[in-house]
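To find a chain, count down the sequence lines: A is the first, B the second, and so on, and within it residues start at 1. Keep in mind that what you see is a predicted model, and the values were worked out from it rather than measured.
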Amino acid sequence: MANDKSGMQLVVNGILSENPIFRLALSMCPAVGISTTVMNGLMLGIAVLFVQVFSSVTISIFKNVIHPRIRIPTYTLTIATWVTVIDLVLAALLPDAYAKMGIFVKLIVAFAIITMRLEMFACKESVKDSFWDGLGMGLGFMVGMVVIGFVRELLGSGAILGYDVLGFKPLLFFILPSAGFFVVGLMMAFFNWIELYYKRSKG
Amino acid sequence: MMTLDKIHFTLIAALLFCLVPVLGHGEGLITGQSFAGDNEIVVSFSTPLDKGTAEDPGNYTVFEEPDPDIRLQLESATLADDGKSVSLLFEEPLNMIRTHIVSIAGLPGQEKTTFKVSKSYLGYLFSILISALLINNFVFTKYLGLCVFFGTSKRKSTAKGMGVVFTLVIVAASLMSWFFYQFILVPYNLNFLQILVFIGLVSLTVQAVDTILRKVNPILFNSFGVYLVLVIANCVIIAVPLILANNNYNVFETLMLSLGAGGGFLLALYLMSSVSERMELANIPPTFKGLPIAFIVAGQFAMAFLGFSGLQIF
């Protein structure tokens, strides 16, 4: 099954039209749980990007060897291996940031988005295309996390990346954990609104 | 039903057996000891004590049971007016989950008296359950398992099915993970394989439940089988083994945590599905239809669950 999209198109596809957080609505746990600051979002985004790219490439290389009946356990174990790698690397290199993310790095293993991309894309396409698709999905997840983190950090503590921008704290509520649900819900409503607006102006 | 009752009794008997060593202390001169506040231990005696000996902090040594090398710093010791009880104030708050060992020197008749201070173990187990169920509900305060949560909370019947299947699987999977962690990963220093082993065990449990249920009770399988696939996509099921490995829980604590996590998920699903059924009748703006409104409702539940944060029963 050949893929007619170029590498660049696959990356853009992952960031915009098939964004894992806003469009596919997968992997919501981290989007709500730890997106309180841009930095947290960025860190987890990088971890997911790493796992997604390497798992996609691994599965794509071995796609002809894996028996279809055991493909799901194979995906799970492949992801778990790469998650272990990034988990140990982050704990050793960036202990402070790692402590803030808590259990979420280890939980990447249960993120639906990675398994779904392996099942839908990497097990059919060439290694090169799988690499670009993984990169696009990982970047899309990272962009989503950073956008949510940006809104919450700006409104909650008046700062971006720890630097005070506004000089005051508009709504402390946004850094409280439960605000994650509201921010994600309102953003999805916003994307829906844009979609409905375009449909109406066309039709 | 009889077998279930028997299991119940054995469980309670086992729990009571754990309590015996805790209740056994405090004979002789010392009649009672307990935690009074965040940083206070109160000890009562059968006879009045000498004020000089009892109020000298140097006569006391206090440490947590697992680390005898770390002596806790005593701020002051105060004798009550009747001379029969001493309250020990510490500089830092005590970790009340741990058993504390207190030794007193210079008491009449004995050179040194040593006794243990601890909370009731049953109460502690119960507090783990309540904590996982309400205070740290995995869905509303830890934000785990959201994909499955939003997917299966549309109808009450689906919510119940998913919640029950999930609770069964998580209890089985956590107990197995606990066994592997304690008896294989820890003794052979294989801690870095945690993620790999736990996710493997979870998939194995799901597959096993699927196969057994299909053979043993096909009717139950027809109504609940569809949810089994979803269980594996739920972050909670991998989060619980990781938490119990982190905190080095024993088998009773593991059971309570997994029951609480499963029950909490069932509770969250049931609450959410009750609202979802009502929402179908409401007039929701088209931009908010579907997931956006579900997220906002979940946010309101999360705020309500914040109210449990101060809850302390034992």
Taking the side chain as every heavy atom from C-beta outward, state whether [X] and [Y] have any pair of such atoms under 4.5 Å apart.
X      : Y      : value
A:M187 : B:F295 : no
B:L193 : A:T84  : no
A:L186 : B:I296 : yes
B:F192 : A:V85  : no

Is it the backbone or the side chain of A:L77 that comes under 4.5 Å from a heavy atom of chain B, or both, or neither? both

Is A:F191 close to chain B through its backbone or its side chain, or both, or neither, when contacts mean heavy atoms under 4.5 Å? neither

Kindly check if the number of other-residue, nucleotide or ligand heavy atoms within 6.0 Å of [atom1] ([X]) is above 12?
X      : atom1 : value
A:K100 : NZ    : no
A:K128 : NZ    : no
B:Y249 : OH    : yes
A:E119 : CD    : yes

Correct closest heavy-atom pair for B:K142 and A:F104 would be O-CZ, 4.1 Å

Rounded to the nearest 0.5 Å, what's the gap from [atom1] on [X] to [atom2] on [Y]? Could you check?
X      : Y      : atom1 : atom2 : value
B:L196 : A:T76  : CG    : OG1   : 10.0 Å
A:L107 : B:I237 : CG    : CD1   : 12.0 Å
A:K106 : B:I238 : NZ    : CD1   : 10.0 Å

Using the side-chain contact (heavy atoms from CB on, under 4.5 Å) rule, take B:I243 and A:I103 through it: C-alpha gap first, then chi angles, then the decisive distance, then the call. CA-CA 8 Å; B:I243 289 174; A:I103 203 170; 3.8 Å; yes

Most chain A-contacting option - heavy-atom pairs closer than 4.5 Å, from B:L291, B:I199, B:N246, B:I293: B:I199

Is [X] close to chain A through its backbone or its side chain, or both, or neither, when contacts mean heavy atoms under 4.5 Å?
X      : answer
B:Q300 : both
B:P285 : neither
B:V139 : backbone

When only pairs under 4.5 Å are counted, which of A:G185, A:A179, A:A110 shares the most heavy-atom pairs with chain B? A:G185

Derivation and outcome, ring-ring contact (aromatic ring centres under 6.0 Å, His included), residues A:F181 and B:F301: CA-CA 10 Å; A:F181 283 114; B:F301 271 123; 9.8 Å; no

